[in-house]
Chemist: 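Supplied in structure tokens, the structure appears directly below.
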Amino acid sequence: MTPRNVVVTGLGALTTAGPGVDALWRAAAGGVSGVKQIVLDYEMGNNLRIAAQVQDFALERFFPHLKTSFFDRVTLMALIAAEEAVKDAGLSDALPLGPRTSVIVGTGIASLGTIEEATRNMTLTQKRPDPLTVPRAMISASASNVGLIYGCTGTTFVVSSACASSAQALGIAFQMVRAGMTDRAIVVGAEAIVTPGGMKAWEMLRVLSPQLCRPFSRGRNGLLLGEGSAALVIEAEEVAQARGARARARILGYGTTSDAKDMLKPDVGGAAEAMALALADAGLSADAVGYVNAHGTATILNDSTESEALGRIFGDRLAAVPVSSTKPIHGHTLGAAGAIEAVVTIRALEEGFVPPTINFLEADPACPIDCVANVGRDHDFGVALTNSFAFGGINASLAIGRAA
């Protein structure tokens with residue numbers, strides 16, 4: 001079968017900026033951080049109390065007929081983002097979506113809140129676990145529930161590869177649609193990490209900043225966690241055209257690698273090869289790329305490693321390519337990062353505007369890139385890369401193009 005072109009027809013998001021893609025884009029473009037003092041239901045000796053937490057959202061506003069007790073927070077977030085994406089794609093009146101629509105969700109930790117609650121009930125408060133603990137806690141619960149609501153009887157599964165999860169989910173979905181394995185996929189990235197145990201575990205890892213996330217800047221001292229969800233509806237171009245759907249962007253290429261060297265330390269070669277593979281898959285040279293949405297976590301080693309990898313790709317042109325990290329805006333959302341940042345990248349392509357890397361102090365010689373410090377800028381470009389590099393040495397890069 002001749003490979004098919006793949007377009008994005010729907011976008012959805014729920015982040016610390018609020019519900020909706022527009023809220024996410026306004027925050028990213030305007031450099032408005034959603035990092036705040038977190039609210040926890042109970043304590044586990046938490047010392048670090050700031051994160052990009054999603055607060056005050058209710059499933060009833062979006063799905064009044066569903067019982068929230070059936071879902072972990074990560075599934076609630078996935079459903080809300082998927083609902084916006086399906087509406088944006090013009091598919092709300094086409095339900096059920098049937099056997100040629102797949103659901104692929106990327107999440108790193110999934111139903112952490114339910115697991116923590118059940119463990120706490122059994123060990124500390126001597127309560128019986130809730131009878132719905134298993135269906136809420138299953139890592140596949142979010143994908144299954146999205147499929148159930150929209151009548152998707154095609155391939156449904158979850159990708160879990162730490163911070164690369166939803167980037168890989170989108171890449172795999174792209175490959176499936178391009179190859180004719182499915183006509184359409186609802187791709188979701190979701191993570192609900194801001195729990196007492198989740199925050200404490202990351203605190204003990206010694207990679208969280210006690211103050212601000214400063215990607216690529218001198219003086220950076222760690223990442224800040226975030227949570228939320230983003231969804232993309234992708235389709236074969238001829239399928240979208242047949243129903244008169246609007247294409248918002250094109251997925252052009254996907255590259256993924258595994259370092260196989262260290263669980264925590266990033267590798268320049270693996271990151272560079274993922275980007276090179278994405279470009280090769282798209283049939284493009286590095287000269288075609290006008291913007292990179294970087295992984296950019298603001299840890300000392302990650303940012304210098306990614307900068308060096310970008311140098312291997314762009315060579316003498318590196319300083320002329322805008323490279324920004326939006327993680328200071330929406331937090332490092334772990335398994336949801338790839339999807340959230342893909343949505344930001346698509347909006348950047350649509351608007352011809354590169355979002356800033358906020359909280360930047362001064363240049364670090366180890367990061368010789370144009371990181372669009374503090375203020376975004378107008379920029380006419382047709383192709384972007386978006387990167388996700390995960391613990392465990394798993395790297396993913398996506399090449400995304402303007403719709404027309």
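Side chains are part of it too, since the values below use all heavy atoms of this structure and drop only hydrogens, waters and symmetry mates.
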Chemist: For a quick test of reading the model, state the closest non-hydrogen atom pair linking Pro135 to Ala141 and the distance between them.
Modeler: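 Closest heavy-atom pair between Pro135 and Ala141: O-CB, 3.4 Å.
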Chemist: Just checking, is any N or O donor in the side chain of Thr386 or Glu341 under 3.5 Å from an acceptor N or O on the other one?
Modeler: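 No, no side-chain donor-acceptor pair sits under 3.5 Å.
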Chemist: Please lay out, stage by stage, how Glu350 and Arg347 fare under the test salt bridge (Lys or Arg N to Asp or Glu O under 4.0 Å).
Modeler: CA-CA 5 Å; Glu350 289 180 329; Arg347 292 294 290 117; 2.8 Å; yes
Chemist: Could Arg402 and Phe381 be counted as a cation-pi pair, given that NZ or CZ must be under 6.0 Å from the ring centre and within 45° of the axis?
Modeler: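 Not flagged: Arg402 not positioned over aromatic ring of Phe381.
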Chemist: Restricting to non-hydrogen atoms, name the atom on Ser160 and the atom on Gly108 that form the minimum distance, rounded to 0.1 Å.
Modeler: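 In terms of heavy atoms, the two residues are closest at OG-O, 3.3 Å.
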Chemist: Begin with the C-alpha distance, continue with both residues' side-chain angles, and end with the deciding distance and a verdict on salt bridge (Lys or Arg N to Asp or Glu O under 4.0 Å) for Glu60 and Lys67.
Modeler: CA-CA 8 Å; Glu60 294 92 339; Lys67 295 182 179 179; over 6 Å; no
Chemist: Under 3.5 Å, is there a donor-acceptor pair between the side chain of Thr357 and the main chain of Cys371?
Modeler: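 Between the backbone of Cys371 and the side chain of Thr357 there is a qualifying donor-acceptor contact (under 3.5 Å).
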Chemist: Quick check: closest heavy atoms across Val54 and Met77, and the distance to 0.1 Å?
Modeler: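 That would be CB-CE, 4.0 Å.
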Chemist: How long is the span from the OG atom in Ser102 to the CD1 atom in Ile172, to the nearest 0.5 Å?
Modeler: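 The distance works out to 12.0 Å.
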Chemist: Report the distance from atom CD of Glu203 to atom CE of Met44, rounding to the nearest 0.5 Å.
Modeler: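 Reported to 0.5 Å precision, the distance equals 11.0 Å.
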Chemist: If only side-chain N and O atoms count, and only distance matters, is there a donor-acceptor pair under 3.5 Å linking Thr75 with Asn145?
Modeler: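 Note: Asn145 and Thr75 side chains miss the donor-acceptor criterion.
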Chemist: When rounded to the nearest 0.5 angstrom, what distance separates OG in Ser325 from CG in Asp303?
Modeler: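 So the OG of Ser325 and the CG of Asp303 are separated by 7.0 Å.
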Chemist: Say whether, by atom type as modelled, one donor and one acceptor occur between the side chain of Asn46 and the main chain of Pro196 under 3.5 angstrom.
Modeler: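 Side chain of Asn46 to backbone of Pro196: a pair is present.
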Chemist: Closest heavy-atom contact between Ile38 and Leu48?
Modeler: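 Answer, listing the atom of Ile38 first, then Leu48: CD1-O, 4.4 Å.
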Chemist: Does a donor on one side chain and an acceptor on the other come within less than 3.5 Å for Thr16 and Lys36?
Modeler: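 Per modelled atom types, Thr16 and Lys36 side chains form a pair under 3.5 Å.
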Chemist: Quick one: which of Arg100, Arg243, Arg178 gives a salt bridge (Lys or Arg N to Asp or Glu O under 4.0 Å) with Asp183?
Modeler: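 So the option named by the test is Arg100.
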Chemist: Would you name the heavy atoms of Glu235 and Val177 that are closest together and state the gap between them?
Modeler: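 Scanning both residues, the minimum pair turns out to be C-CG1, 3.7 Å.
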Chemist: Output the distance between atom CG (Leu79) and atom CD (Glu84), rounded to the nearest 0.5 Å.
Modeler: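 Result: 13.5 Å between the selected atoms.
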Chemist: Determine which pairs satisfy ring pair (Phe, Tyr, Trp, His ring centres under 6.0 Å) with at least one residue from residues 327-356, sequence neighbours left out, and list them in order.
Modeler: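 For residues 327-356, and leaving out neighbouring residues, the ring pair (Phe, Tyr, Trp, His ring centres under 6.0 Å) pairs sorted by first residue read His295-His332.
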Chemist: I'd like to know whether Lys261 forms a salt bridge (Lys or Arg N to Asp or Glu O under 4.0 Å) with Asp267, so could you lay out the CA-CA distance, the side-chain angles of the two residues, the decisive distance to 0.1 Å, and finally the verdict.
Modeler: CA-CA 8 Å; Lys261 291 183 178 179; Asp267 176 67; 3.0 Å; yes
Chemist: Mark yes or no for whether Glu191, through its side chain, and Ile109, through its backbone, hold a donor-acceptor pair below 3.5 Å.
Modeler: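 Looks like yes, one N/O pair under 3.5 Å.
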Chemist: Taking all heavy atoms of Ser111 and all of Met138, pick out the closest pair and write down the distance.
Modeler: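 Looking at all heavy atoms of both residues, the shortest contact is OG-O, 3.8 Å.
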Chemist: Show your working on salt bridge (Lys or Arg N to Asp or Glu O under 4.0 Å) between Asp370 and Arg377 and close with a plain yes or no.
Modeler: CA-CA 12 Å; Asp370 172 10; Arg377 69 175 76 124; 2.7 Å; yes
Chemist: Any luck finding a side-chain donor-acceptor pair between Asn293 and Asn387 under 3.5 Å?
Modeler: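 Looking only at side-chain atoms, Asn387 and Asn293 do not form any donor-acceptor pair under 3.5 Å.
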